[in-house]
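Right, one structure below, let's go through it.
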There are 2 protein chains.
Amino acid sequence: MEMTQRKQKILAAVVESYIRTGEPVGSKNLLGELDFSVSSATIRNEMADLAEMGYLEQPHTSAGRVPTTLGYRYYIDKLMNKLEPTEEDRKAIAKTVSSGSGDPEQLLEKAGEVIARLTGCAAVSTMPLGEKATVRRAEIVPVGTRTAMIVLLTSAGTLKSKACRSDMPITPQTVERFYSVCAAHFVGKPLEDISTVMLQTLVASLGEHALEMSSFFVTLADLAADALSSDVLLEGQSNLFNHRELGGNIIELMEFLRKGEPISKLLSKGKDDIDIKIGTENEYKQLANSSVIISHYDVNGARSGALGIIGPTRLNYAKLIPYMQFVSGLVGDILSESIED
Amino acid sequence: MEMTQRKQKILAAVVESYIRTGEPVGSKNLLGELDFSVSSATIRNEMADLAEMGYLEQPHTSAGRVPTTLGYRYYIDKLMNKLEPTEEDRKAIAKTVSSGSGDPEQLLEKAGEVIARLTGCAAVSTMPLGEKATVRRAEIVPVGTRTAMIVLLTSAGTLKSKACRSDMPITPQTVERFYSVCAAHFVGKPLEDISTVMLQTLVASLGEHALEMSSFFVTLADLAADALSSDVLLEGQSNLFNHRELGGNIIELMEFLRKGEPISKLLSKGKDDIDIKIGTENEYKQLANSSVIISHYDVNGARSGALGIIGPTRLNYAKLIPYMQFVSGLVGDILSESIED
DNA sequence: TTTTAGCACTCTGTTGTTTCGAGTGCTAAA
DNA sequence: TTTAGCACTCGAAACAACAGAGTGCTAAAA
């Protein structure tokens, strides 16, 4: 069966109506939405065809039709008219997003906030990651006689720190020695180089000071790993409660969102600027009833991180896709400006 | 009406049975739980008295009885037999809690985790706060030509940092100047001294360099404020979903937990070592259906922070109160050891 | 005076029945 | 190919019937 123009129009109308109301849409209700006049019987026939073709389905025999994953996909790829954000919205967003102090984390937090508010979905974002980030500085700062903070600053502008306990008292010489070892071996080198294995050989070469230093280096490796694994920010989680159709899965969904790794993977995956996964298109089963729209941002020309929203499958794609593109573009621009290389 | 010993036994049995099962408890069910034999009619009479006295209530006319806030309170204060954690449990907890690297945040995270797991509640904790903390070090680290990280290290061992954008290029001289100004004016002084007002006068006194420095100082004030407002950690939030009786309030409750300030207030409030608020005893209406058990910990003899659990009112107080005391004691000990002054 | 047995009563939750309405698929005529 | 008409299906809501748990009260027993 081939896809006629009339079928397309009907499919689009069904999708849009369902997105708007959340109710299965019946043949009669559709009459008003179409720009041509036919009877409801004709529409019924067409809808039956579309159902057979896999674009629509019925929750039960005597209900209206609901788009399938395939239906949404066709709509998004071929039928949808994008709805660019208004000048007004753009300004409001830009104002909120840039209201921070220039701190990347704060920036992404604001961006997530504004997205969550505007879309009524949960917003996720990843910090600009420094895959090729190098060590800019590493040092220890004594806190107690046997405790110190290890501080690691990367070229990507992230600073990580962690307390660390030593078996031996920390002297100014320890501090000095650590600093110079780091300066000699790490500064300017990529973060990946600070692996536990590599550190073991290094510690071995330190001879008599190996003992007092080893715990510091272990912590340093922790920090490096931490700096490499891009942080995930989550906003508007509770918006999900407003979407009835997510049903009992909400709890699992929220649990899923809480642990960052899968989200981080999700966001880092797509190759295109914008990436849309509808319901079962998602590889995580917790997202089988949800859609995600992921928009990547570039910092100084390099793909660096992404912003995403997660909500029910009946998202207002026509509006949200351009919105996400706009916000991620904005974030990329601001970050590019602030993180020069 | 006075409280006879028999009434006390019945009240205790009702509370314990309700805590165990979550079902309103009827007169017949209670027969087996008591160490004396009377008929169900007698118990009914006594329960009616207890209800009249305000310790019990009925969800509806023909249901069993449920403890009121007052009932729980009486039980906890006068009737309860504390159930100290077993040696086994103590060891398991101690092992988990001390498995971190000596970082206070990680320590509290682990503690919260273990509490959440053990109790099936949401766990909250505040970082050791440094009310009397002083500035140990403050500096800027250039990231781009016009961007820098401001880093603030306090005597309490917390390190805060934030990116900041400057209107003018940042030169090594800027870094040096900032460092020396901080060394002269802030190091050793309490964090509260870095107020915006104080900074304004300072900036004014800097003359020609005022402009290039001002944004850094503003950020520094942010950091100081941030370091003073103790961070709140939250674990096991989703455990709350397992408690049916929280009902529709769960959403509000989770929203409430998400924003840290009220929690921070809640935890910093109590004067006693342990602090129990049952249902409506809580001043926040979002907690009206919940109980909180807060246990404070001391670092080097000074009240520094607290751990708490939040769950339904039918908590197993007899078990959880000693548990919380144990964990907070443990946390205090470990922190005292690692943060020497 | 206190305890107990007995009984009528109340309230909830469940189950089954009915009804209503929305929407469909099919058939036959336009 | 389209449309009108109609029988049919299914879910949601409304309603009645009922079982079960538990109570309060009364009157007898201890």
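Computed from heavy atoms alone, side chains included, the values below leave out hydrogens, waters and symmetry copies. By convention in this document, chain letters (A, B, ...) are assigned in the order of the sequence lines, proteins followed by strands, and residues within each chain are numbered from 1.
We find that CD of A/E46 is positioned 14 Å from C1' of D/dT3, with the value rounded to whole Å. One interatomic measurement links the two molecules: CG of A/L34 to P of D/dT2, which rounds to 14 Å at whole-angstrom precision. Between the C1' atom of C/dT3 and the CE atom of B/M47 lies a distance of 16 Å, rounded to the nearest Å. Counting to the nearest Å, the P atom of C/dA5 and the CD1 atom of B/I43 are 12 Å from each other. Between the CD atom of A/Q5 and the C1' atom of D/dT1 there is a distance of 17 Å, rounded to whole Å. B/L31 places its CG atom 14 Å from the C1' atom of D/dA21, with the value rounded to the nearest Å. A/R244 places its CZ atom 14 Å from the P atom of D/dA12, with the value rounded to the nearest Å. Straight-line distance from the CG atom of B/L56 to the C1' atom of D/dT23: 14 Å, rounded to whole Å.
A donor-acceptor contact shorter than 3.5 Å links the side chain of A/T68 to the backbone of A/Y55. The backbone N or O of B/A13 sits nowhere less than 3.5 Å from a side-chain atom of B/S17 that would complete a donor-acceptor pair.
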| said: Checking B/I274 against B/S295 for the side-chain contact (heavy atoms from CB on, under 4.5 Å) test, could you report, in this order, the C-alpha distance in whole Å, the side-chain angles of both residues, the deciding distance, and whether it holds? | reply: CA-CA 4 Å; B/I274 195 137; B/S295 184; 4.0 Å; yes

Could you walk me through whether A/S291 and A/Y317 pass side chain to side chain donor-acceptor pair (under 3.5 Å), step by step? CA-CA 10 Å; A/S291 278; A/Y317 300 96; 2.7 Å; yes

- Give the C-alpha distance, both sets of side-chain angles, the deciding distance and a yes or no for side-chain contact (heavy atoms from CB on, under 4.5 Å) between A/F241 and A/L246. CA-CA 8 Å; A/F241 284 113; A/L246 291 174; over 6 Å; no

Margin query: side-chain contact (heavy atoms from CB on, under 4.5 Å) for A/I309 and A/M324? Distances and angles first, verdict last.
Written below: CA-CA 8 Å; A/I309 55 178; A/M324 291 302 290; 3.8 Å; yes

Can A/T126 and A/S268 be said to form a side-chain contact (heavy atoms from CB on, under 4.5 Å), step by step?
CA-CA 8 Å; A/T126 50; A/S268 64; over 6 Å; no

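Where DNA chain C pairs in unbroken runs of 3 or more (Watson-Crick or G-U, both distances under 3.5 Å), the stems are C:1-30 with D:1-30.
Evaluation of the side-chain hydrogen bond (donor to acceptor under 3.5 Å, both in side chains) test over residues 236-245 of chain B, restricted to residues two or more places apart or in two chains, returns A/E255-B/S238, B/E245-B/R314. Contacts classified as side-chain hydrogen bond (donor to acceptor under 3.5 Å, both in side chains) and involving residues 273-284 of chain A (residues at least two apart or in different chains) are given here: A/T69-A/T280, A/R73-A/E281, A/K269-A/E283, A/D273-A/R303.
Heavy atoms only, all atoms of each residue included: B/L266 and B/I294 are closest at O-CD1, 3.6 Å. Nearest heavy atoms, B/A63 versus B/P59: CB-CD, 4.1 Å. When all heavy atoms of B/S27 and B/S40 are compared, the closest pair comes out as CB-O, 3.7 Å.
Heavy-atom distances under 4.0 Å link DNA chain C to no residue of residues 16-30 of chain B.
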Polar atoms only, N or O, under 3.5 Å: list the protein pairs with nucleotides 24-30 of chain D and their distances.
residue : atom : partner : partner atom : Å
D/dG24  : OP1  : B/R65   : NH2          : 3.0
D/dG24  : N7   : B/R44   : NE           : 3.2
D/dG24  : O6   : B/R44   : NH2          : 3.3

All N/O contacts under 3.5 Å from nucleotides 7-11 of chain D to the protein, with atom names and distances to one decimal?
residue : atom : partner : partner atom : Å
D/dT9   : O2   : A/S62   : OG           : 3.4
D/dC10  : O2   : A/S62   : OG           : 3.0

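Proximity of A/T42 to the phosphate of D/dT3: a side-chain N or O atom is located under 4.0 Å from OP1 or OP2.
In this structure, A/E46 and A/D49 have side chains that are in contact, with non-hydrogen atoms separated by less than 4.5 Å.
A/I293 pairs with exactly one of A/I321, A/I310, A/I76, A/I278 by the side chain to side chain contact (heavy atoms under 4.5 Å, CB included) rule, that one being A/I321.
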